[in-house]
Amino acid sequence: MKVTKEEELSKLQYFFLTHKEINVSEFAKLIGINATLLRNYINGFKKPSKEREEQILEQIHKIGVEFVKTTF
């Protein structure tokens, strides 16, 4: 069985690599971590703790809720 790139990536990596519209530096500021550290998570050089993953996911969800509530 051949493993594709998507299967090799963590869900966190896949999310950020497929959502280039998210500014990593600004997102890192929102959650209070160093942008280089977040890039290391995204590029697979470091693995976030479960707590850190939950913190990142929570902020992604908050942004999503803001988008859904937006009206013009």
Side-chain angles (χ1 to χ4, degrees):
M1 181 173 154
K2 185 177 179 182
V3 177
T4 65
K5 280 286 185 198
E6 292 80 19
E7 292 172 326
E8 294 174 9
L9 300 174
S10 71
K11 290 178 181 180
L12 182 144
Q13 288 176 288
Y14 186 75
F15 177 83
F16 279 97
L17 293 172
T18 58
H19 290 87
K20 301 283 187 187
E21 68 275 12
I22 297 174
N23 181 298
V24 174
S25 295
E26 292 301 318
F27 187 87
K29 284 181 192 177
L30 278 175
I31 60 172
I33 67 170
N34 182 288
T36 301
L37 179 59
L38 182 55
R39 284 188 190 92
N40 282 332
Y41 294 156
I42 294 166
N43 292 316
F45 300 130
K46 292 189 176 186
K47 183 171 174 34
S49 67
K50 188 67 178 161
E51 293 81 15
R52 180 74 76 194
E53 268 189 349
E54 289 171 4
Q55 180 187 23
I56 292 168
L57 185 59
E58 182 179 321
Q59 187 61 47
I60 290 169
H61 288 168
K62 283 181 183 178
I63 292 169
V65 167
E66 287 179 32
F67 283 170
V68 169
K69 288 182 177 179
T70 301
T71 59
F72 296 104

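For clarity, every value in this text was computed on a predicted model and none was experimentally measured.
- With sequence neighbours excluded, the residues forming a side chain to side chain contact (heavy atoms under 4.5 Å, CB included) with Glu54 are Lys50, listed by chain and number.
- Scanning both residues, Ala35 and Ala28, for their nearest heavy atoms gives CA-CB, 3.6 Å.
- Applying the ring-ring contact (aromatic ring centres under 6.0 Å, His included) definition to pairs two or more places apart or across chains, those involving residues 19-46 are Phe15-His19, Phe16-Phe27.
- Atom CD1 in Ile42 sits 9.5 Å away from atom OG in Ser10 (nearest 0.5 Å).
- To the nearest 0.5 Å, the span separating CD on Glu53 from NZ on Lys11 amounts to 9.5 Å.
- Atom CD1 of Ile60 is separated from atom CG of Leu12 by 6.5 Å, given to the nearest 0.5 angstrom.
- Residues satisfying the salt bridge (Lys or Arg N to Asp or Glu O under 4.0 Å) criterion with Lys29, sequence neighbours excluded, are Glu26.
- Note on Leu57 and Tyr14: separate hydrophobic clusters, where clusters join Ile, Leu, Val, Met, Phe, Trp and Tyr whose side-chain heavy atoms are under 4.5 Å apart, directly or indirectly.
- For the atom pair NZ (Lys47) and OG (Ser49), the distance works out to 9.0 Å, reported to the nearest 0.5 Å.
- Here the CD1-CD distance, from Ile31 to Gln59, works out to 7.5 Å after rounding to the nearest 0.5 Å.
- For the pair Leu38/Asn34, no side-chain contact is recorded, criterion being any heavy-atom separation below 4.5 Å from C-beta on.
- Atom CZ of Arg39 and atom NZ of Lys46 lie 13.5 Å apart (nearest 0.5 Å).
- Under a 4.0 Å N-O distance rule, the pair Lys62/Glu58 qualifies as a salt bridge.
- Ile22 is not listed as a side-chain neighbour of Ile63, based on a closest heavy-atom distance of 4.5 Å or more.
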